[in-house]
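Here the structure is laid out as structure tokens; the discussion comes afterwards.
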2 protein chains.
Amino acid sequence: MARSDTRFRAAYNQVLDYCEGQPAGAHIPSEAALCEIAGVSRTVIRRCLSRLQEAGIISWDGREKRILRAPAESDRIDQPEPTAGGADLEERFLDWVLRFDVPAGTTLSVAELSRTFSVPQHELKEFLAGLSRFGLVSRRPQGGWTLLGFTKEFAVELSDFRSVLELNAVAQAVEAPVDHPLWAKLAELRDRHLDLKARIDRDYHAFSKLDEGFHQAINSVVKNRFVAEFQKVISLIFHYHFMWDKTEEKIRNAAAIDEHLAIIDALEARDGPAAQEAARRHLRTSKTTLLSSLRHHDLG
Amino acid sequence: MARSDTRFRAAYNQVLDYCEGQPAGAHIPSEAALCEIAGVSRTVIRRCLSRLQEAGIISWDGREKRILRAPAESDRIDQPEPTAGGADLEERFLDWVLRFDVPAGTTLSVAELSRTFSVPQHELKEFLAGLSRFGLVSRRPQGGWTLLGFTKEFAVELSDFRSVLELNAVAQAVEAPVDHPLWAKLAELRDRHLDLKARIDRDYHAFSKLDEGFHQAINSVVKNRFVAEFQKVISLIFHYHFMWDKTEEKIRNAAAIDEHLAIIDALEARDGPAAQEAARRHLRTSKTTLLSSLRHHDLG
DNA sequence: ATACAGTTCTTAATTATTAAATGCACATCG
DNA sequence: CGATGTGCATTTAATAATTAAGAACTGTAT
């Protein structure tokens, strides 16, 4: 019932690394200096020094610290878990929701999620608290959480919001300076689109990745933390939905390629209104697709 | 080291209420029925019954439950704290940050915040996790949180994002049907603006509230959970900044009133481009004001 | 057969505990 | 004496333990 000593373990090994680089008998720098090296507090460094002394690797008396012998491989402490998949929890969570088609209104239990994702409960609680800011989940009065997302309303609102952001991005993209990386990226994307169009009959699955890249490129001109944060969620949801919804995938993707190309054409011609119109058309189809995929799920 | 029994206390008093309405000797309904009455689980009801039995208020043997005597006032359990200001934590937090002008980069300690706001630590952690989604704070590697907000970049990005949302709202407002409550609201706001304009020399402080109401009205036409969530944060930040930044407040507010009136005029004339232009102008001044208020803080 | 109570298992809020961080006072060396 | 470094004490935060509350299953009397 205490916090893990991951920090100590990592620091200890790091100090061992340092010792290995030094000859026996060498002086060891001050505690504060070691803090800098290991990136931890003095408390941890002092624990490390204690242990090094116990292990007979160093002598330590006040500021008189010397290396006694070179550390062996067996002196290292093994890190408990190099995993910590808590980083991409968001991706894994959305993947789980969409893959298993978890219906809206489902009660999410922290304990259960903690087990399925092997993430400490408190991390999950923080994560859910964050999602609630996006209206994806909400706290229940009796405790616990409810999954709100992926109703028709949610899809409509998400699509509309996406449209607002993306039309703004397009408007800014038209104004982007000629040396902006966007233009190189767009040229490359055009080639990849044309390439995929030629072999769409076989490789229509590859479009999902291309779509993500395309929208990312457009939005890259908008330097805004709020937009960026939302974009992550939006792109994940659209990405996965298109991946799992297989109805008419080939036709749909072929059409989307043309829509993308139209946007690229307009952008490269620096034709603002045309770009807006092309983007609007594409976003409209995306919205329809997202909605129809939900309808399928409702029926099936 | 256990969760609070608030639920039990409330339920117990509620069951007492029920008993008071019944004559002595009366049968008590089933446990499940009592659950309905008190809105809690059977576990809690059974605890209540146990305690009622101990207190000699009822007899309880299996499904044979009878009232022995009318409950007295002293039988009630007093609720620990009816407060729980955790609801408007967001408002209080932002108020605190802006009122004390907490600089960007400040390390926020959960323990300290927990004390100043008298909110349990874990609630604060969830709250901060939520804010981190908006890029206002971020977790430090050594533990704790850093306040990121209220740098120049933050203000610029927030203003830009606000502009995108609000211009979209204006575009939708122009298209709103004649029976939409917006129009009545706008007419009322126009009057209040004109009223305040007449006495701006004395009551220029009153503008802040009016400003909030105006932007809320405009944004009310957009039915979108994402927009709504952001709007809350945005309006809070702008609201407080204008409240604390006293430089040239009178002139600034007088100018803003005119800008608001221009937007109302254009909207009521259903003139889309004019409304966009008026809104764009107003948002530009808002951004400038927000930025200049930050500059003042930097110097002072 | 069905409505209810008895029982057991799960879940979630909260506290207790310990690792880590931080702050301050004092020591040592130039 | 001042700068640098250490010793000690306090504070903070991550995590496990603990208990209230919820939910499901089972038995039983009407």
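Letters go in sequence order (proteins before strands), and every chain restarts at 1. Side chains are part of it too, since the values below use all heavy atoms of this structure and drop only hydrogens, waters and symmetry mates.
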| task | Would you give the length of the straight line joining atom CG of A:Leu136 to atom CG of A:Leu148, rounded to the nearest 0.5 angstrom? | result | 7.5 Å

| message | What is the distance, to the nearest angstrom, from the CG atom on B:Leu128 to the C1' atom on D:dA14? | response | 15 Å

| task | Starting at atom CG of A:Leu124, determine the distance to atom P of C:dA13, rounded to an integer number of angstrom. | result | 13 Å

| task | Could you state the atom-to-atom distance from CG of B:Asp5 to C1' of D:dA20 in whole Å? | result | 7 Å

| request: Starting from C1' on D:dA14, measure out to CZ on B:Arg140 and report it in whole angstrom. | output: 14 Å

| request: Round to a whole Å and report the spacing from CG of A:Leu34 to P of D:dG5. | output: 11 Å

| task | Say whether, by atom type as modelled, one donor and one acceptor occur between the side chain of B:Arg42 and the main chain of B:Ala32 under 3.5 angstrom. | result | no

| message | Would A:Arg92 and A:Phe117 count as a cation-pi pair here, with the cationic atom under 6.0 angstrom from the ring centre and within 45° of the axis? | response | no

| message | On DNA chain D, compare the nucleotides closest to B:Val40 and A:Pro120; which residue's is nearer the 5' end? | response | A:Pro120

| said: Using whole Å, what does the distance between atom C1' of nucleotide D:dT15 and atom CZ of A:Phe8 come to? | reply: 18 Å

| message | Please determine whether a side-chain nitrogen or oxygen atom of A:Arg47 lies at a distance below 4.0 Å from atom OP1 or OP2 of C:dA19. | response | no

| said: Tell me if a side-chain donor or acceptor on A:Asp75 pairs with a main-chain N or O of A:Ala72 at a distance below 3.5 Å. | reply: yes

| message | So, OP1 or OP2 of C:dT22: does either fall under 4.0 Å of a side-chain N or O from A:Ser41? | response | no

| So, A:Phe154 versus B:Phe226, ring centres under 6.0 angstrom or not? | yes

| task | Identify whether the distance between the nearest side-chain nitrogen and carboxylate oxygen of B:Arg76 and B:Asp17 falls below 4.0 Å. | result | yes

| query | What distance do B:Thr107 atom OG1 and B:Glu112 atom CD have between them, rounded to the nearest 0.5 Å? | reply | 10.5 Å

| query | Distance-only, no hydrogens or angles: does the B:Glu126 side chain make a donor-acceptor pair with backbone N or O of A:Ala129 under 3.5 Å? | reply | no

| said: For a quick test of reading the model: is some side-chain N or O of A:Ser4 closer than 4.0 Å to OP1 or OP2 of D:dA14? | reply: no

| query | Hey, are A:Arg133 and B:Glu90 close enough for a salt bridge, meaning a charged N less than 4.0 Å from a carboxylate O? | reply | yes

Under 3.5 Å between N/O atoms: give me all the protein pairs with nucleotides 8-12 of chain C, atom names plus distance.
residue, atom, partner, partner atom, Å
C:dT11, OP2, A:Arg115, NH2, 2.7
C:dA12, OP1, A:Val110, N, 3.4
C:dA12, OP2, A:Val110, N, 3.0
C:dA12, OP2, A:Ala111, N, 2.8

Quick test: give all pairs of protein nitrogen or oxygen and nucleotides 1-5 of chain C nitrogen or oxygen below 3.5 Å, distance rounded to 0.1 Å.
residue, atom, partner, partner atom, Å
C:dC4, O2, B:Arg63, NH2, 3.0
C:dA5, OP1, B:Lys65, NZ, 2.4
C:dA5, OP2, B:Glu31, N, 2.8

| Between A:His122 and D:dA14, is there a side-chain N or O to OP1/OP2 distance below 4.0 Å? | no

| query | Could you give the CD1-to-P distance, from A:Ile45 to C:dA19, as a whole number of Å? | reply | 17 Å

| request: Rounded to the nearest angstrom, tell me the gap between atom CD in A:Glu36 and atom P in D:dT4. | output: 13 Å

